[in-house]
Chemist: 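If you scroll down you'll find the structure; I have some questions about it.
Bear in mind that the values here come from a model prediction, so they are computed numbers and not experimental data. Chain letters run A, B, ... following the sequence lines, proteins first, then strands; residues in each count from 1.
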Amino acid sequence: MLQAGRDLQALMESLGLRVLSFLDTTRRLTAFTLITTGVILTRAGTAHRIIHPLIRTQLVQAGILLLPIIAVVGMALGFAIVGQTLSILTRVGQTSLIGSLFVTVIFRELAPLGAALVVLARVGTPTVVELGTSRALGEVEALEALGIDPVHYLVVPRVVGITLAVMSLTVYLQIFAALSGWLFCFGANLPVTAGDYLGRIVGALHWFDFPVLGLKTLAFGSCGALIACYQGLSRPLRLEEVPGAATRTVAHSVVAFLVLDAVFLVITLLLPG
Amino acid sequence: MNPSPIIRLDSVGIRRPDDSLPLLEGVDWTVFTGDWWEVTGAHGSGKTALLLSLAGLIPTVAGTITAFGDPVVAGAPKPPGWVPRVGLVFEGGGRLLRDRKVAENIALPIGYHRNGTLPEAIEQVWPWIEALDLERLADAPAGRIGRAWAQRVALARALSLDPEVLLLDNPTVGMDETHSEWWQGFLIRLRQGHPLLKHRPMTLIETTDAPRIGIQPQPQRAHLENSRLLILPPTRTPGIQGSHDNPLVRHP
């Protein structure tokens, strides 16, 4: 009985420590987000001929170079979800539901999440390694000594570039998913014309889907980028600590994506229509 | 005309970031325009921390540091358009941005502060690249050049902003004789007034393990020991005039 009490106390202490650690990380991340937002707003016109090329580089790395992967993911989603569901709906004579299904599952949920996860995996982790190594080698202090704001030079281009990349890649993923869904119908000789297919998708969309999608991808992209930059720069890292920071980035980002997804789901459900 | 004080430390205390014990305590020091100071001390005595605090990179835990009449506060937000008047060359390769080329490293501060593109900024700093014999390395990635050359690139980078005071953290440590002699000659030229600085004598504060003896002008010397900064009397060698008389020099 006494042992069970001790075990319970140890469990509660461990749980309490984890909760405190989570709250502390959230507080620090919020502060980092506010600092970065402040720098974006106050230094918008400062050194733009140095910063804009850095943003373009990030857009290429996190956007254009990831298009092939996004195409594959989009095609897979289209085949797996749209194509197969349409096949079932055809058998029960409910093909009219395909528009609602596409909008609910792919347009609103899987496309933003899929694009954000692909970018996180391919760019988020290298970002932590780059920034963590820069911090470990003292390059951040060197920038400070030269009067260059490290947040402006290192964080802002990554946050802006990665966010824009997630927003753009989400749209491409939706297009590829819709296209492959139609290709499945065409290949399987299902009785759905291209006009019907597209018309039902467009008909299932509401006006609010577009601003909500914009905000959601903005939130996913900036959240993943900020977490990666925070983990790389928040404290002096020894070189051997960099991989651990990369792992934490993935874990924290996935949790953040799920929380944000839940928030946007509630928002969507509360909206009329 | 008497030289004017440009950096002043009043009862300054500094702690290591990861340690509660004081690294430096009660440091009183005044640096005048055109001074050349050599700060010596054992490994871990606080030489680097002293320079970092002068550059505003680490906070003091006691006292005040004033540079050009304004308090130096680490981490304080800088207004847009602010350009540092104190240059810093870090120890051990100068902490260059490894993913940038040598010329880009040198040009980045100018490009950033004057809102120019990197190619434009490289054109502006090219005289410094030539003056420091770095032309053949200009297109090399900074992460792939030798440490002695990286240190020289860091010097060019610090000078590109035309600072009034140059802080050098043990710049010649681990260098061969050729590089060490180059550094000595170049620092003398900076102290006397380099043509690229319009012949304005540069104020130099250098930490070192090997004080320069018998050079002209002779640097003033300070020594860190037991968390204190001791101002040493001028070193005089036969036939060579020592450093100019400084009212702050404490003769033990």
Chemist: Side chain, backbone, both or neither: which part of B/Leu88 has a non-hydrogen atom closer than 4.5 Å to chain A?
Modeler: side chain
Chemist: With chain B, which of A/Thr46, A/Val140, A/Ile148, A/Ile51 has the greatest number of heavy-atom pairs at distances under 4.5 Å?
Modeler: A/Ile148
Chemist: Crowded around A/Arg122 CZ? As in, over 12 foreign heavy atoms under 6.0 Å?
Modeler: no
Chemist: Evaluate the side-chain proximity of B/Leu97 to A/Tyr153: yes if any heavy-atom separation is below 4.5 Å, no if none is.
Modeler: yes
Chemist: Side chain, backbone, both or neither: which part of B/Arg157 has an atom under 4.5 Å from a heavy atom of chain A?
Modeler: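 For B/Arg157, backbone and side chain are both near chain A.
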Chemist: What is the distance from atom CD of A/Glu144 to atom CG of B/Leu52, rounded to the nearest 0.5 Å?
Modeler: 10.0 Å
Chemist: To the closest 0.5 Å, what do you measure between CD1 (A/Ile50) and NE2 (B/His113)?
Modeler: 10.5 Å
Chemist: Which bit of B/Val86 is near chain A, if near means a heavy-atom gap under 4.5 Å: side chain, backbone, both or neither?
Modeler: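 The backbone, not the side chain.
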Chemist: If you count the non-hydrogen atoms of other residues, nucleotides and ligands that lie under 6.0 Å from CD in B/Glu120, is the total more than 12?
Modeler: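 Check passes, neighbour count above 12.
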Chemist: Do B/Leu108 and A/Leu146 have side chains that get closer than 4.5 Å, going by heavy atoms?
Modeler: no
Chemist: Where does B/Arg100 contact chain A at under 4.5 Å (heavy atoms): side chain, backbone, both or neither?
Modeler: side chain
Chemist: More than 12 heavy atoms of other residues, nucleotides or ligands under 6.0 Å from CZ of B/Arg8: yes or no?
Modeler: no
Chemist: Which atom names give the shortest non-hydrogen contact between B/Pro84 and A/Ala145, and what distance separates them?
Modeler: CG-O, 3.7 Å
Chemist: Do B/Leu96 and A/Glu139 have side chains that approach each other closer than 4.5 Å (heavy atoms only, starting at C-beta)?
Modeler: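 B/Leu96 vs A/Glu139: side chains apart.
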Chemist: How far apart are the closest heavy atoms of A/Ala47 and B/Tyr112, and which atoms are they?
Modeler: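 Result for this residue pair: CB-O, 3.2 Å.
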Chemist: Should we say atom CZ of B/Phe68 is surrounded by more than 12 heavy atoms from elsewhere, each under 6.0 Å from it?
Modeler: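 It does: B/Phe68 CZ has more than 12 such atoms within range.
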Chemist: Among A/Leu143, A/Leu137, A/Thr42, single out the residue with the greatest number of heavy-atom pairs under 4.5 Å to chain B.
Modeler: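 Sorted descending by pairs with chain B, the first entry is A/Leu137.
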Chemist: Taking everything shown except B/Phe186 itself, do over 12 heavy atoms lie less than 6.0 Å from its CZ?
Modeler: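 More than 12 within 6.0 Å, yes.
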Chemist: Where do B/Arg95 and A/Glu141 come nearest, in terms of heavy atoms and distance?
Modeler: NH1-CB, 3.6 Å
Chemist: Using 0.5 Å steps for rounding, measure from the NZ atom of B/Lys78 to the NE2 atom of A/His152.
Modeler: 15.5 Å
